[in-house]
Protein chains: 2
Amino acid sequence: MSRSAPTKPRLSREAVLDEAMAVLDERGLDGLTMRNLGDRLQVVPMALYRHVRNKDDLLDGVLDRAVSLVPLPAPDLDWRDGLAALARSVRATMLEHPAVVAPVVQRPSLGPSAIALGEYGFSVMRGAGFSDTDSERGLNVVLTYTLGFVALEVPRHHAGPGTDIADLDVAYDGLPIELYPHTAAVRPSAAGFVSEEQFDFGLECILDGIGQLPHGRRRRARATKRA
Amino acid sequence: MSRSAPTKPRLSREAVLDEAMAVLDERGLDGLTMRNLGDRLQVVPMALYRHVRNKDDLLDGVLDRAVSLVPLPAPDLDWRDGLAALARSVRATMLEHPAVVAPVVQRPSLGPSAIALGEYGFSVMRGAGFSDTDSERGLNVVLTYTLGFVALEVPRHHAGPGTDIADLDVAYDGLPIELYPHTAAVRPSAAGFVSEEQFDFGLECILDGIGQLPHGRRRRARATKRA
DNA sequence: ACCTGAACACCGTTCAAGT
DNA sequence: ACCTGAACACCGTTCAAGT
């Protein structure tokens with residue numbers, strides 16, 4: 001009887017994706033290899049190909065899992081609060097799983113979790129009276145900004161050896177002031193470039209812009225319909 | 001006499017980076033390997049290491065070249081026109097060299113060309129009377145949005161085999177309408193997600209938001225200073 | 001100073017077997 | 001149906017030589 005065998009759990013797609021997510025968190029995108037993943041599941045690399053078409057398919061699966069971890073805000077929020085909460089929610093989740101950001105941005109795939117996330121955005125915007133076109137565009141701007149911000153932020157947070165974030169500031173320090181007077185005056189900091197304040201600042205800009213689009217339910221007054 | 005030898009041009013860092021840029025354009029990021037690059041320069045891969053510290057250094061060099069290709073708008077533009085032109089300029093250049101977008105977003109390095117680009121942005125904003133802090137934040141938002149947009153756009157434009165952009169729309173077509181009523185109503189299109197119109201829409205939102213920050217030289221009238 | 005050649009420790013994936 | 005083992009065609013990079 002195989003008494004000492006600790007119940008080899010019979011591989012499944014679920015198990016493979018679970019472990020892949022763990023590898024991504026622990027060792028980053030480069031650490032996720034079929035061989036490495038096989039080792040951790042105590043299986044030869046080729047065994048994974050029974051549950052996953054290839055590495056791209058593996059990535060798509062684990063990325064959809066990551067997106068599914070984004071908590072959706074309350075459905076009854078105002079459009080502005082709802083979009084802001086959604087954006088902050090996306091950013092927070094991505095910062096918890098930094099290794100997924102690059103592939104999420106790069107791969108064109110669109111899993112069910114991403115669609116559910118979009119549904120929330122469409123819902124609060126259409127509920128506030130934005131047109132379908134403006135709802136699509138508005139949500140796209142917020143999500144584009146959010147993903148773009150995080151994509152730039154992540155590699156600057158835990159910058160690897162040799163690319164410490166301080167090195168970025170050094171690049172500014174040695175500037176020939178006569179060539180770049182404005183940059184020298186502003187003294188931009190690499191840290192500020194990726195701060196929460198910076199994120200909120202941009203988010204508010206965008207929400208302000210969206211707020212200027214025609215929207216709102218027709219209430220009692222049709223005031224200012226025309227001059 | 002080496003009559004038939006076509007003037008072997010004696011490798012240099014310049015020559016290596018030139019060829020690397022060409023490889024990037026022709027065969028993409030995955031196509032840029034030390035071995036491949038060596039072949040095209042008729043040299044053994046290890047010869048490159050005399051002119052480049054390692055592959056990361058090669059990438060940093062070629063990325064700074066790409067950024068140097070971004071044409072800066074006229075210096076006397078209004079802050080709004082200047083930032084808009086800068087953003088469109090960045091996007092246009094990136095779309096001409098799509099393979100550089102991913103590494104530009106991912107790597108925290110900041111070459112001299114990037115600093116010159118920032119200097120332009122700081123200049124038009126400070127010239128328009130924005131505070132140093134707002135100038136930094138405003139420029140950061142514009143550039144973050146622009147890079148993020150392009151980073152999402154590029155892999156969706158020339159999507160590889162199997163990830164044709166049409167497949168994205170297919171993902172929408174099969175939606176259970178009762179689960180995603182708003183998405184079904186809006187019928188978002190993958191093409192619209194990455195169009196020039198969508199880019200300009202977001203850009204205008206952001207510029208509107210920035211425009212609400214205190215700025216402007218004190219002109220004659222201090223009109224509407226308070227109610 | 002600049003380039004070469006062989007080697008090392010990795011990749012993803014195919015293909016033919018095993019049970 | 002599920003897993004294995006060997007092999008193929010790649011990577012970046014080190015190290016000892018060549019000229």
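Naming: A, B, ... by sequence-line order, numbering from 1 per chain.
Between B:F199 and B:Y145, the distance separating the two ring centers is shorter than 6.0 angstrom.
Computed from coordinates, the B:R35 CZ to C:dA7 P distance equals 14 Å when rounded to whole Å. At whole-Å resolution of the value, CG in A:L29 and P in C:dC11 are 13 Å apart. With rounding to whole Å, A:D30 atom CG is found 12 Å from D:dG12 atom C1'. Straight-line distance from the CG atom of A:N36 to the C1' atom of C:dA9: 14 Å, rounded to whole Å. If you take CG of A:L37 and P of C:dT13, they are 13 Å apart, rounded to a whole angstrom. Between the CG atom of A:N54 and the P atom of C:dT14 there is a distance of 8 Å, rounded to whole Å. Whole-Å rounding puts the B:Y49 OH to C:dG5 C1' distance at 15 Å. The distance between atom CZ of B:R53 and atom P of D:dT13, rounded to the nearest whole Å, is 12 Å.
At a threshold of 4.0 Å, the pair B:E136-A:R187 does not count as salt-bridged, since none of the basic side-chain nitrogens sits closer than that to a carboxylate oxygen. With respect to A:E197 and B:R137, a salt bridge is recorded, a charged nitrogen being found less than 4.0 Å from a carboxylate O.
Of the possible polar contacts, none joining the B:S68 side chain to the B:S113 backbone as a donor-acceptor pair under 3.5 Å is found.
For A:D39, there are no side-chain contact (heavy atoms from CB on, under 4.5 Å) partners, not counting sequence neighbours. Among residues two or more places apart in sequence or in another chain, the side-chain contact (heavy atoms from CB on, under 4.5 Å) test is passed with A:D57 by A:R13, A:V52, A:R53, A:N54. Partners of B:F201 by ring pair (Phe, Tyr, Trp, His ring centres under 6.0 Å), not counting sequence neighbours: none found.
Within the structure, every pair that satisfies the side-chain hydrogen bond (donor to acceptor under 3.5 Å, both in side chains) test and touches residues 15-32 of chain B, not counting sequence neighbours, is listed here: B:D18-B:R65, B:E19-B:R40, B:D25-B:H97, B:E26-B:R40.
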Pull out every protein N or O sitting under 3.5 Å from an N or O of nucleotides 1-4 of chain D, one pair per line with the distance.
{"unit_1": "D:dC3", "atom_1": "N4", "unit_2": "A:R50", "atom_2": "NH2", "d": "2.6"}
{"unit_1": "D:dT4", "atom_1": "OP2", "unit_2": "A:V44", "atom_2": "N", "d": "3.0"}

* Structure fact -> Read 5' to 3' with Watson-Crick or G-U pairs under 3.5 Å, [ ] for crossing pairs and | for partners on another strand, DNA chain D gives ||.|||||...|||||.||

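Geometric assessment of B:R91 against the ring of B:F149 yields a negative cation-pi assignment under the 6.0 Å and 45° thresholds.
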